[in-house]
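Structure first, commentary second.
One-based numbering, in listed order, for ligands and for the atoms of each. Note that the coordinates shown come from a computational prediction; the quantities given were computed from them, not determined experimentally.
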Amino acid sequence: MEMIFDSHTHTKFSADSDMAAADAVDRARKQGLGIVFTEHLDVDFPGEYDFSFDPEAYWRAYEPLRGKEVRLGVEVGMQRHVVEENKAFIRRVPFDQVIVALHLLDGVDLYYPACYANKDKRTTYSAYLSDMRECLLLHPFGDVLAHIDYITRYTGKIYESPELGYADYREGVDGVLRACIETDTVLELNTRCLGDRHAAKELLPIYARYKALGGRYVTIGSDAHAAEAVGAYFALARDMMKAVGLTPVTFKERRIEIAER
Ligand SMILES: [Zn+2]
Ligand SMILES: [Zn+2]
């Protein structure tokens, strides 16, 4: 059996993380996991943070760690007007894995309550999903689509139930899943919200649907910004993927590697 990787983590090359690479590698190793660093590149992101980094400096710093257990990737924020910048950035160094992600809705950070002002859940979630689909079709060059349930991290205090239930958002979710298959982008299972068993249960039908539409693989990622979070809820995530028949994978030099058969 090949090694399972935590395929989504942020170290100090990401504007919102102070994690030391050595601590992250240590934490992964103790759990028998490999790790992929996926630093933030969010070109033209609103607000105080500069979500960019120098890929050559990243390479110089971490290339010595790169190998059987450690891979070097990037998480690219999708917006319609930054496609060319994103494409150019990922060519600068030979990243192992490119994640594409949606962090904004209509140019507003999904993190901020202002993003949801005067909009009901159906309106916001439908717009979020159709935006994710369109952005993914404009970014067909990624390996992995991050956190389809990202919005639910921030809507717990906004809407009565933050869950992205498949039965409620069938059309929007199907649009995203079909775009994944069309662009040959692997769907990620982000474990950030799996501590909430109800949220985990709500996610399962989405992954079952991905499988039914022809999906075969997933990456599993903690989205850790601190060492304690590396590998969080991986046992549950692996059980969930086994239940729906999806195979965990990771990427090396942009090529898929099967983690377990
Ligand atoms: Zn993200
Ligand atoms: Zn992330």
Do Tyr116 and Tyr128 have their ring centres less than 6.0 Å from each other?
->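 They do not qualify: ring centres at least 6.0 Å apart.
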
Angular separation of His103 NE2 and His147 NE2 about the Zn ion (ligand 1), given to 10° =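 Output for this angle: 100°, rounded to tens.
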
Does His40 bring an N, O or S atom to under 2.8 Å of the Zn ion (ligand 1)?
->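 Under 2.8 Å: His40 has no N, O or S contact with the Zn ion (ligand 1).
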
So, Asp223 and the Zn ion (ligand 1): N/O/S under 2.8 Å, yes or no?
->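 It does not: Asp223 brings no N, O or S atom closer than 2.8 Å to the Zn ion (ligand 1).
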
With the Zn ion (ligand 2) as the reference point, give the N/O/S atom of Glu75 that is nearest.
->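 Going through the N, O and S atoms of Glu75 one by one, OE1 ends up nearest to the Zn ion (ligand 2).
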
Parallel, tilted or perpendicular for Tyr125 and Tyr159, by the 30°/60° rule?
-> perpendicular

Salt bridge between Arg153 and Asp223, side-chain N to carboxylate O under 4.0 Å?
->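 Answer for the salt bridge query: yes.
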
Counting backbone and side chain alike, does His10 bring an N/O/S atom below 2.8 Å of the Zn ion (ligand 2)?
->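 Looking at His10, which is the residue asked about, there is an N, O or S atom under 2.8 Å from the Zn ion (ligand 2).
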
Contact flag His8/the Zn ion (ligand 2), N/O/S atoms, threshold under 2.8 Å |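 It does: His8 brings an N, O or S atom closer than 2.8 Å to the Zn ion (ligand 2).
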
Please round to the nearest 0.5 Å and tell me the distance separating atom CZ of Arg209 and atom CZ of Arg178.
-> 5.5 Å

Atom CZ of Arg255 with >12 non-hydrogen neighbours under 6.0 angstrom | no

